[in-house]
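Reminder, nothing fancy here: chain letters follow the sequence lines and each chain counts from 1. What's counted below: heavy atoms across the whole structure, side chains too, no hydrogens, waters or symmetry copies. Predicted model, so just to flag it, every value in this text is computed and none were measured.
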Amino acid sequence: MTTDRVRLLADMYRIRRMEETCAELYGLQKIRGFLHLYIGEEACAVGALHALTDDDNILATYREHGHALVRGVPMNSIMAEMYGKASGCSRGRGGSMHLFDATRRFYGGTAIVGSGLPQAVGLALADTILARHGITVCFFGDGAVAEGAFHESLNLASLWHLPVLFVIENNLYAMGTALARAQAQTDLASKAAGYDMSSSVADGMDVEAVHAAVADAGGRVRGGWGPHLLELRTYRFRAHSMFDAELYRDRAEVDGWKRRDPITSYSARLVADGVLDQAGVDGLDRAARDEVAEAVEFAEAAPWEPVADLLTDVHTARGMS
Amino acid sequence: MTTDRVRLLADMYRIRRMEETCAELYGLQKIRGFLHLYIGEEACAVGALHALTDDDNILATYREHGHALVRGVPMNSIMAEMYGKASGCSRGRGGSMHLFDATRRFYGGTAIVGSGLPQAVGLALADTILARHGITVCFFGDGAVAEGAFHESLNLASLWHLPVLFVIENNLYAMGTALARAQAQTDLASKAAGYDMSSSVADGMDVEAVHAAVADAGGRVRGGWGPHLLELRTYRFRAHSMFDAELYRDRAEVDGWKRRDPITSYSARLVADGVLDQAGVDGLDRAARDEVAEAVEFAEAAPWEPVADLLTDVHTARGMS
Amino acid sequence: MRITYRDAMRLAIRDALLADPRVLLMGEDVGLYGGSYAVSKGLIDEFGPDRIRDTPLSELGFVGAGVGAAIGGLRPIVEIMTVNFSQLALDQIVNTAALLRHMSGGQFSVPIVIRMATGAGRQLAAQHSHSLENWYAHVPGLRVLTPATVADARAMLEPALADPDPVVIVEHAALYNIEADVPDGITCDIERAAVRRPGSQMSLVTYGGSLPKVLAAADLLAAEGIDAEVLDLRVLRPLDFDTVAASLRRTHRVVVVDEGWKSGSLAGEVVARIAEECLFDLDAPPRRVCSAEVPIPYAKHLEDAALPQVDSIIAAVRQVIA
Amino acid sequence: MRITYRDAMRLAIRDALLADPRVLLMGEDVGLYGGSYAVSKGLIDEFGPDRIRDTPLSELGFVGAGVGAAIGGLRPIVEIMTVNFSQLALDQIVNTAALLRHMSGGQFSVPIVIRMATGAGRQLAAQHSHSLENWYAHVPGLRVLTPATVADARAMLEPALADPDPVVIVEHAALYNIEADVPDGITCDIERAAVRRPGSQMSLVTYGGSLPKVLAAADLLAAEGIDAEVLDLRVLRPLDFDTVAASLRRTHRVVVVDEGWKSGSLAGEVVARIAEECLFDLDAPPRRVCSAEVPIPYAKHLEDAALPQVDSIIAAVRQVIA
Ligand SMILES: Cc1ncc(C[n+]2csc(CCOP(=O)(O)OP(=O)(O)O)c2C)c(N)n1
Ligand SMILES: Cc1ncc(C[n+]2csc(CCOP(=O)(O)OP(=O)(O)O)c2C)c(N)n1
Ligand SMILES: [Mg+2]
Ligand SMILES: [Mg+2]
């Protein structure tokens with residue numbers, strides 16, 4: 001799988017460089033509102049989405065830039081969305097937290113913690129009834145596990161034996177709340193037992209481990225064995241959003257995790273395995289930077305939605321249904 | 001514990017006879033609205049409440065006549081409440097589903113499935129902070145286990161190490177929905193593990209088994225070991241409410257459970273053990289019937305709340321706080 | 001054909017299930033139990049448990065699943081047993097179903113129909129007696145329908161399911177037993193209010209479970225020589241204000257009857273629109289007959305006193321006509 | 001002392017914690033994180049994690065726990081991060097906190113204060129920009145407060161906590177950074193609306209986050225020779241309508257400004273009350289300036305177009321005065 005390994009690394013670079021630029025653009029007030037960076041967690045979205053097919057449905061959270069990009073949403077339209085431009089993947093109405101792409105079965109982008117889970121159950125129900133073959137993959141954070149929506153959704157999916165892969169991106173914090181201060185039972189994967197559901201855990205800093213875990217769990221779900229709960233153990237390197245003073249965690253802890261940076265470690269691995277040389281790695285990085293530069297250019301030049309269109313698509317226009 | 005055993009039986013008779021009369025009064029339209037009978041499940045409330053103290057807080061559901069009665073709410077004021085009279089324990093405003101008694105720490109009586117659980121967490125928090133010694137005991141049905149409120153409350157109670165005893169009265173049905181059609185994991189007690197909580201199961205048709213289980217679990221909770229989940233396996237002999245055609249279960253199943261009637265079986269046991277003779281049993285029954293007759297008389301004679309008082313106690317009257 | 005409102009709903013659901021394989025009914029006890037108001041009785045035998053799908057007690061979960069199913073191409077009819085429990089599911093209705101089309105730049109449809117029983121009057125006490133129509137009517141992206149007649153119960157579901165956007169249908173529980181003759185092939189315009197009784201001296205505006213009371217009041221008033229027009233709003237969002245305004249411009253007097261608590265009620269919205277758009281058509285201050293601002297009590301005499309009644313409607317009309 | 005609205009809230013919470021050992025603050029990230037709007041920053045150091053209690057993401061659970069704690073004798077201040085998430089907790093607020101005293105025949109008090117941030121204007125898009133005040137103002141048993149000034153932010157909490165019944169305090173997020181001098185020992189009457197600017201020709205009625213916009217509009221209007229009175233409702237339930245009526249009886253013209261969507265808004269309730277009680281005092285139809293009936297979009301120019309603005313307020317005033 002030589003090519004695939006390179007693409008895994010390439011996609012991690014694309015996310016990283018895109019988001020670094022987003023952070024700068026936030027400083028320049030080109031991007032506004034909330035901006036939640038995925039930096040440090042790239043191996044999760046990249047490993048997972050490379051193990052899925054175009055027929056699968058994807059749901060994510062407000063920390064979903066990476067998922068959208070790897071799913072194939074063009075960086076131009078993601079960047080334009082962050083700018084609030086009409087060429088954005090949600091016409092500039094959603095911004096960072098609400099990236100959508102119907103053609104790619106990318107169902108967003110929700111800013112209500114836990115709200116994607118029940119919808120994942122419904123999407124899988126639709127696939128089952130309409131005899132489509134995809135599975136539904138729902139990403140959410142460790143914080144969402146405390147929500148009633150988690151409990152109700154896992155029960156429904158298991159009770160109805162639906163093809164849903166629930167993926168916890170456990171980055172150990174929900175905003176400023178460490179896992180152990182939110183969960184009586186911090187072994188999150190173990191909660192699947194309460195729903196008679198299978199579960200597994202993977203290292204969310206290792207893109208191949210994630211890929212293998214999702215391929216495995218996804219295969220199980222695809223094979224009709226019912227839903228599955230997968231916990232990815234990961235860490236966000238940046239603040240929760242751009243407004244966070246990070247009073248709740250130690251510099252040393254952050255640094256410790258940064259030493260496990262999924263991109264540097266995977267770059268080193270591919271070089272060690274002889275898949276790439278350093279120039280090859282640098283080439284991926286450069287390509288990512290170029291793509292980002294172009295996306296920024298695109299977003300800068302993109303048009304605004306006319307104010308006159310404000311009310312379109314609240315309801316479907318009459319006679320258009 | 002000779003006396004106690006007689007009181008257990010006496011209280012089961014009191015509930016049974018009271019509710020049988022309620023069913024008749026419903027036919028006579030003296031009692032209106034929803035009426036959910038506890039008949040068949042009496043061992044649960046009786047066994048449990050006899051194992052608790054006056055300092056403990058009790059929360060129950062709309063199927064709470066038995067809990068209220070055993071807690072010490074006078075039958076007169078329960079019956080008057082069912083009539084909607086001003087002498088009722090909620091002044092006639094609550095009816096069958098909303099029996100309350102602040103002096104006895106009986107917090108009702110809620111008609112929203114699952115809504116008592118978060119409140120139980122809060123009551124226990126108050127006790128802890130105010131250094132009171134009671135524990136909080138929250139009764140709810142198997143149906144409530146599917147609600148998000150169950151999940152959020154068990155996690156909170158365990159995370160905060162609060163003295164709550166959660167008691168599932170698992171009567172195998174939520175209205176017409178059999179447990180296996182509502183829960184992917186039908187071993188309800190096992191769900192405690194997801195919250196790092198201890199749990200146990202007891203035979204809800206056996207009043208002494210319930211008493212022992214609650215004494216045991218209650219002692220654990222009282223001792224500061226954190227919350228506990230207790231599942232009582234029981235069965236309701238009557239319809240869910242007075243509007244239920246019971247299309248969802250077999251006569252044979254109901255009859256099978258009726259052969260395990262907690263009152264007849266416990267009567268027989270006390271006779272066999274020589275605690276009572278048949279005349280003694282009949283005496284308890286007769287005393288219960290007499291108490292019910294008197295309660296009906298009381299309720300019949302009781303006054304209605306004046307319509308002019310309709311708006312009192314929406315807010316506290318000014319200057320009265 | 002003479003049928004009850006309950007039958008009418010069932011026939012409408014049955015027609016929808018027969019017409020479109022993407023339609024399913026889901027909710028608590030819609031299947032084996034036959035529906036808590038017996039609306040779906042028998043349907044599970046005809047359509048099976050996949051299409052008449054019993055759910056656990058998980059309002060947020062199964063309404064959200066309905067939303068997801070709609071996004072995924074089904075046409076779910078999701079029954080929330082009563083509006084009281086719909087509070088547990090509001091997030092999915094308001095934050096996803098209502099917003100998704102606009103927020104995604106028009107990419108996604110959420111063709112879900114959410115049905116719920118509502119209202120007081122059966123001594124079910126405070127937690128089971130809410131009327132929260134104006135909460136839903138406040139939210140852009142939702143269509144809110146209130147069938148008040150057997151005919152509307154029969155005919156509203158089809159256009160509601162044809163709507164590519166989310167529709168909330170609120171059924172007053174006191175209506176399930178009313179009966180009427182309903183012709184075959186009857187249709188319903190879910191854009192327009194309906195004039196239920198023409199009249200010239202007074203406009204009585206109402207919807208849902210209050211309609212029978214208002215019609216009864218109008219009959220009694222007619223006997224006194226007061227000729228009142230009765231309007232059934234039928235669609236609470238988007239409100240068909242034109243029909244209200246047209247009536248008012250003829251009658252110059254209006255009473256709005258709504259079982260919701262007066263403050264913050266839908267009746268308030270109607271009166272506000274009247275004041276904004278028809279101020280100089282009014283010959284007398286408008287009046288609202290709403291529920292008293294109190295949790296609805298169990299005791300019958302208190303519950304009666306808390307709710308709009310024929311008497312209180314007549315009293316309000318007399319004030320306005322005086 | 002010159003302080004921000006945020007500081008004022010924090011000082012009020014701190015005073016309450018110092019004054020009464022039964023008071024605690026609980027909610028998501030109120031502790032170590034310092035509050036998502038930094039309102040409670042530093043309090044955990046002073047009062048410890050038991051009284052500044054971080055909760056998991058479980059809105060229904062921890063609000064219900066707050067309700068139980070209040071019933072059990074504490075005086076909890078429960079922070080729901082924003083009104084948007086309060087939908088998940090509504091059942092506990094509406095079906096227990098609001099109903100319990102009445103439904104129990106007066107036996108139980110629920111002395112809880114529920115604080116939540118609200119409003120749009122910071123490009124947070126549709127799911128984070130709701131204004132749902134009228135949902136809460138619709139419910140008997142609740143008191144709904146909207147501090148719109150630094151002084152009210154400083155002084156409202158004390159009487160709210162002294163109220164033996166549930167109080168919802170809605171804080172517009174756009175206000176947290178405003179500054180003002182606030183004298184020591186300032187108090188607040190949580191029964192009454194406040195006249196923020198006296199005037200004779202026009203009543204501008206508003207509350208919460210719209211107050212600064214309305215005051216700015218009034219200043220610009222004054223420069224044009226239009227003397228507008230600005231009323232801050234301050235308490236949305238029970239509404240102090242007397243203050244509104246008194247103003248209107250002098251000015252005979254009114255514009256109500258409210259960031260909620262127009263249909264079903266609190267502004268509608270105010271206009272309805274005016275029509276019912278002051279119809280013949282009006283020289284012109286009342287007008288509402290509300291949010292457009294659309295999920296609030298992210299893009300700034302669209303968000304601006306969706307919300308009440310100084311310009312649109314002035315335009316409405318001109319229509320009413322014409
Ligand atoms: C229902 C709800 N409650 C609160 C919030 C505010 N909030 C946004 S993100 C967040 C933390 C979520 O943590 P987690 O689920 O672990 O995801 P992460 O941000 O770590 O990726 C919170 C509390 C929200 N958006 N929705
Ligand atoms: C939140 C909510 N959803 C639905 C209902 C309607 N309902 C009342 S009782 C009931 C069944 C509850 O079953 P269970 O919890 O097992 O208690 P049981 O009646 O068996 O004692 C249902 C669905 C309700 N009251 N509240
Ligand atoms: Mg996290
Ligand atoms: Mg049950």
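The 12-atom threshold is not exceeded at CD of C:Glu158, counting heavy atoms of other residues, nucleotides or ligands nearer than 6.0 Å. The number of heavy atoms from other shown groups lying within 6.0 Å of CD (A:Glu300) is above 12.
For the residue pair A:Asp313 and C:Arg101, the shortest heavy atom distance occurs at O-CG, 3.1 Å. Heavy atoms only, all atoms of each residue included: C:Met103 and A:Ser90 are closest at O-CB, 3.5 Å. Considering all non-hydrogen atoms of both residues, C:Pro56 and A:Asn155 come closest at CG-ND2, 3.9 Å. Listed here is the closest heavy atom pair of C:Ala69 and A:Ala126: O-CB, 3.8 Å. When all heavy atoms of A:Trp160 and C:Asp54 are compared, the closest pair comes out as CZ2-O, 3.7 Å. A pairwise comparison of heavy atoms in C:His102 and A:Leu310 identifies NE2-O, 2.8 Å as the closest pair.
Remark: C:Leu60 CG to A:Phe150 CZ distance equals 14.0 Å, nearest 0.5 Å. Here CG of A:Leu159 is found 9.5 Å from OG1 of C:Thr55. Values are rounded to the nearest 0.5 Å. Taking OG of C:Ser58 as the reference point, atom CG of A:Leu154 lies at 11.5 Å (rounded to 0.5 Å). The structure places CD of A:Gln119 at 4.0 Å from OG1 of C:Thr96, a figure rounded to the nearest 0.5 Å. How far CG of C:Leu74 is from CG of A:Leu130: 4.5 Å, rounded to the nearest 0.5 Å.
For chain C, no part of A:Arg105 is nearby; none of its heavy atoms comes within less than 4.5 Å. Looking at A:Thr312, the atoms closer than 4.5 Å to chain C (heavy atoms on both sides) all sit in the backbone: N, CA, C or O. Within the 4.5 angstrom heavy-atom criterion, only side-chain atoms of C:Arg53, from C-beta onward, approach chain A. Of the atoms belonging to C:Leu99, not a single heavy atom falls under 4.5 Å from chain A. With a threshold of 4.5 angstrom between heavy atoms, A:Leu123 approaches chain C through its backbone and through its side chain.
Of the possible donor and acceptor atoms, one in the side chain of C:Asp165 sits under 3.5 Å from a partner among the backbone N and O of A:Thr316. A:Glu152 contributes a side-chain N or O that, together with a main-chain N or O of C:Gly61, makes up a donor-acceptor pair within less than 3.5 Å. In terms of modelled atom types and a separation under 3.5 Å, the side chain of A:His98 and the main chain of C:Leu100 share no donor-acceptor contact. Panel note: side chain C:Gln107, backbone A:Ala102; a donor-acceptor pair is recorded below 3.5 Å.
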- Message: Could you go through A:Ser115 and C:Asn95, starting from their C-alpha distance and side-chain angles, then the distance that decides it, and tell me whether this counts as side-chain contact (heavy atoms from CB on, under 4.5 Å)?
- Response: CA-CA 9 Å; A:Ser115 74; C:Asn95 276 324; over 6 Å; no
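A perpendicular orientation is assigned to the rings of C:Phe108 and A:Phe100, their planes being inclined by more than 60° (bins at 30° and 60°).
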